[in-house]
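Heads up, the thing below is written out as structure tokens.
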Amino acid sequence: MQHNVKTAFFRALYRTFLAISHNRKTVGFILSVSLILLLDLLLNGIFHAIAGTHRAILTFDIGFAPEIWLSVLTLVLGTLIIVISIASQDTPRLIDLYLNNWPSIFFMWFIALGSSHAVFFVLFENVFHRPSSELLNTFILLPIALLSSLPYIFFILNYSKIDHVITVIDDQLNEEIDHAIWLTSTQLLPDTRLIIKSHIHLLEKVNQLMDLFSYVEYNESKEAIVKKFSKTLERYIHDKNKIAETYFTNSEAIASDISFANYTLFQFQKMEKRQSFFEEKMLRVLGNCYNEYIKHQNYELASDCCAKVVNLGKMAYERENEILLGLVTTRLNTIFRYSIKDSIKNQSTRTINNFIFQAGKLSDTTIYHKKNSALLRMFEFVLIYGNELYLHSLKNPFMKFAVAYLLAESKRSIIKINEEGWEDRVQEKFIKIILQIDDPAHIDYNDLKEDKTKNDEYRIILLGLALYYCSERKFELAFIIVDDLIKDLGTLPKEEKMKVFERSFDKLENTSMNFWEDTDRGTFNIFFSHETDLIPPLLDVIEDRMD
């Protein structure tokens, strides 16, 4: 019984809160009228107590007051119209935010009602002779309006700044997450109507921020929005366990959201089972932000956006959240697809290289947590996209560096695996995967023969890995790489094969550790190897194994 009463109380409280929130202008009017009437009655009572019967002979000239009130009202309204109309051209959600801003609602009603108060007592001075009301309007309400009008204008100017609008919407988004937690703590969530309303408000705030991202032109503002998305999602994941399971039921609000417009019934059922609608929404939004960045060639910001998705993957490992990790992996694959399309369109591998660099950080986290199966899955994706990039490189030579960078990052991960003490048989599995990158299935060797012979970039990186294993005295792993490179040269005479290897080793030996130019990923040269002193003995081994 006590539980039912408590639930009913919180339900009534929440509905009251929603009613107030949806009718702010009406509530502001009622509260403003009540405040002025209360002050009027209170001051009249004080006058009655002090002046007694003599209060009738007291009088104040307020004939000038309506004109001043009108001037204040004109000043404030005129400024608002100009500021809001101009600012809303760059900030489409500004008017909605202004109309729901409590200080603005109270101040505008205060000026309007103060003006009406003055006009009323000027027109009906002979009928309602109340010195207290005249005093209230002339010496209290009017000075307050005059003194606060300029600060309020400054407030509106600051309020209309795009960065402030972003902060306000993000604060509202976090408030909706707090409401979901509050609904759980008060045991109101079985109420389907409350869930739908909460979903509507939550997704609406995300869409508002995304609209701003697409609308604003300044990179600083776009970056701020992406940062808000990332931080809010991290906060949501951290507090998600405080929200009841019933909250994640698919609702009309989720089904009608633009991000899920193409979802099938199976996808909706899967999303409900995983309780992941908000994570999927936010990751889709981050992916869209990345796509917008590369469309406008904002490559540094695109790389930073990708880094935020990678950080969510790291968070998934730390919290052992397999569902989030799967969603992050799917989004990263989608981002990689965007990168490939952009590179082909602009004849540049910059987006691909930046993506590989950021994804490599997630690989490091996977290795650190010793997630063998997860890393194997990542290398399987490396092979899929590596084969695709390699096929593109046969027609578009500029793509060769993308393949080389993918190989170099894979090499770095394999070295890290060895440093972490993983078993040799596991390392062998990863080595064999990357050796297939330049061997796409269903492609005749004769079509690749010329590329295999002339292209030293891939060979140099793999020879560097073989040299590393020689330095670690893991010769069997080094020989796996060597044998594959020999096989790549096909039926060439032994002398020709040796010339190819000698040429590659010569380039490797003369490669410096750093580029002489800076890149988005620093100056480290992906073709560099520390173990060049082992080149002569490895070259002898290669010659022997050709026999």
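By convention here, the first residue in the shown sequence is residue 1.
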Mark yes or no for whether Lys308, through its side chain, and Ser230, through its backbone, hold a donor-acceptor pair below 3.5 Å. no
Without swapping roles, check the side chain of Asn396 against the backbone of Phe398 for a donor-acceptor pair under 3.5 Å. no
Test Asp257 against Asn207 for side chain to side chain donor-acceptor pair (under 3.5 Å), laying out the working first. CA-CA 9 Å; Asp257 187 77; Asn207 291 332; 3.0 Å; yes
Distance col, row Gln297:CD vs Arg350:CZ, nearest 0.5 angstrom, shows 9.0 Å
In the structure I gave you, are the side-chain heavy atoms of Phe277 and Leu203 within less than 4.5 Å of one another anywhere? yes
Under 3.5 Å, is there a donor-acceptor pair between the side chain of Glu457 and the main chain of Ala404? no
By side-chain hydrogen bond (donor to acceptor under 3.5 Å, both in side chains), Asp424 pairs with (sequence neighbours left out) Lys474
With rounding to the nearest 0.5 angstrom, report the CG to CZ distance, Leu375 to Arg377. 12.5 Å
Could you state the interatomic distance from CD1 (Ile166) to CD1 (Ile225), rounded to the nearest 0.5 Å? 4.0 Å
Mark yes when over 12 heavy atoms from residues, nucleotides or ligands other than His369 sit less than 6.0 Å from its NE2; otherwise mark no. yes
Given Asn23 and Thr26, is the side chain to side chain donor-acceptor pair (under 3.5 Å) satisfied, shown in steps? CA-CA 6 Å; Asn23 299 278; Thr26 303; 5.0 Å; no
Are there over 12 heavy-atom neighbours, none belonging to Lys314, within less than 6.0 Å of that residue's NZ? yes
Please determine whether a side-chain nitrogen of the Lys or Arg among Glu428 and Arg425 lies less than 4.0 Å from a carboxylate oxygen of the Asp or Glu. no
Looking at side-chain heavy atoms only, is the closest gap between Arg331 and Val328 below 4.5 Å? no
Between Ser413 and Asp364, is a side chain to side chain donor-acceptor pair (under 3.5 Å) present by the stated rule, with each step listed? CA-CA 7 Å; Ser413 294; Asp364 291 345; 4.7 Å; no
Take Lys281 and Ser259 through the side chain to side chain donor-acceptor pair (under 3.5 Å) test and state the conclusion after the steps. CA-CA 6 Å; Lys281 171 69 176 178; Ser259 294; 2.8 Å; yes
Does the plane of the ring in Phe528 sit parallel, tilted or perpendicular to the ring in Phe524? Use 30° and 60° as the thresholds. perpendicular
Do Asp342 and Lys345 sit within salt-bridge range, that is, some charged N less than 4.0 Å from a carboxylate O? no
Answer yes or no: does atom CG of Leu157 have more than 12 heavy-atom neighbours from other residues, nucleotides or ligands under 6.0 Å? yes
Tell me whether the rings of Tyr236 and Phe248 are parallel (<30°), tilted (30 to 60°) or perpendicular (>60°). perpendicular
Arg319 and His238: side chain to side chain contact (heavy atoms under 4.5 Å, CB included), yes or no, with the steps? CA-CA 9 Å; Arg319 302 180 68 85; His238 183 269; 3.7 Å; yes
Side chains of Arg274 and Glu280 in contact at under 4.5 Å (non-hydrogen atoms): yes
Any side-chain to backbone donor/acceptor pair from Lys25 onto Ile105? Under 3.5 Å, distance only. no
For the CD atom on Glu380, are there more than 12 heavy atoms of other groups (residues, nucleotides or ligands in this structure) within a distance under 6.0 Å? yes
Any idea how Tyr293 and Phe213 line up, ring-wise: parallel (<30°), tilted (30 to 60°), or perpendicular (>60°)? perpendicular
May I ask you to check whether Phe155 and Tyr159 place their ring centers less than 6.0 Å from one another? yes
Give me the atom names and distance for the closest heavy-atom approach of Met399 to Ser393. CB-CA, 3.7 Å
Could you check whether atom CD of Glu320 has more than 12 heavy atoms from other residues, nucleotides or ligands sitting under 6.0 Å from it? no
Beyond-backbone contact of Phe355 with Tyr338, side-chain heavy atoms, under 4.5 angstrom: no
Taken to the nearest 0.5 Å, the spacing of Leu325 CG from Thr366 OG1 works out to 7.0 Å
Find out whether Tyr247 and Leu202 are in side-chain contact, i.e. whether some heavy atom of one side chain is under 4.5 Å from a heavy atom of the other. yes
Would you say the side chain of Thr184 lies within less than 4.5 Å of the side chain of Ile243, judging by non-hydrogen atoms? yes
In Å, rounded to the nearest 0.5 Å, how long is the span from CG of Leu212 to CD1 of Ile169? 4.5 Å
May I ask you to check whether over 12 heavy atoms, not counting those of Tyr368, lie within 6.0 Å of atom OH? no
Is any NZ, NE, NH1 or NH2 atom of the basic residue among Lys197 and Glu176 found under 4.0 Å from an Asp or Glu carboxylate oxygen of the other? no
When the ring planes of Phe260 and Phe268 are compared, do they come out parallel, tilted or perpendicular, using 30° and 60° as the limits? perpendicular
Test: Glu279 and Lys240 ion pair at under 4.0 Å: yes
Looking at Leu146, is its backbone amide N or carbonyl O close enough to the side chain of Ser149 to form a donor-acceptor pair, meaning the two atoms are under 3.5 Å apart? yes
Tell me whether Arg412 is salt-bridged to Glu409, with the criterion being a basic N under 4.0 Å from an acidic carboxylate O. yes
Inspect the surroundings of NZ in Lys270 and state if more than 12 heavy atoms from other residues, nucleotides or ligands are less than 6.0 Å away. no
For Thr351 and Ser339, indicate whether the former's side chain and the latter's backbone hold a donor-acceptor pair under 3.5 Å. yes
Looking only at the side chains, is there a donor atom on one of Thr349 and Ser343 sitting less than 3.5 Å from an acceptor on the other? no
About how many Å separate CD1 of Ile177 and OG1 of Thr232, when rounded to the nearest 0.5 Å? 6.0 Å
Can Lys400 and Tyr458 be said to form a side chain to side chain contact (heavy atoms under 4.5 Å, CB included), step by step? CA-CA 9 Å; Lys400 291 183 182 297; Tyr458 315 151; 3.7 Å; yes
Are the side chain of Gln267 and the backbone of Thr264 linked by a donor-acceptor contact shorter than 3.5 Å? yes
Identified side-chain hydrogen bond (donor to acceptor under 3.5 Å, both in side chains) partner of Asn174 from the options Arg235, Lys231, Lys205: Arg235
I would like to know whether Lys228 and Glu223 meet salt bridge (Lys or Arg N to Asp or Glu O under 4.0 Å); could you show each step before the answer? CA-CA 9 Å; Lys228 297 293 186 185; Glu223 184 181 10; over 6 Å; no
With respect to Ser410, which candidate in Ile433, Ile356, Val382, Leu383 satisfies the side chain to side chain contact (heavy atoms under 4.5 Å, CB included) definition? Val382
Heavy-atom distance under 4.5 Å between the side chains of Phe401 and Ile526, does that happen here? yes
Output field: ring centroids Tyr152/Phe110 closer than 6.0 Å: no
Where Gly386 and Leu406 come nearest, the two heavy atoms and their spacing: CA-CD2, 3.5 Å
Can any side-chain N or O of Gln427 pair as donor or acceptor with the backbone N or O of Trp422 at less than 3.5 Å? yes
Side-chain heavy atoms of Cys289 within contact of Met210, under 4.5 Å: yes
Asn158 atom CG: more than 12 heavy-atom contacts under 6.0 Å: yes
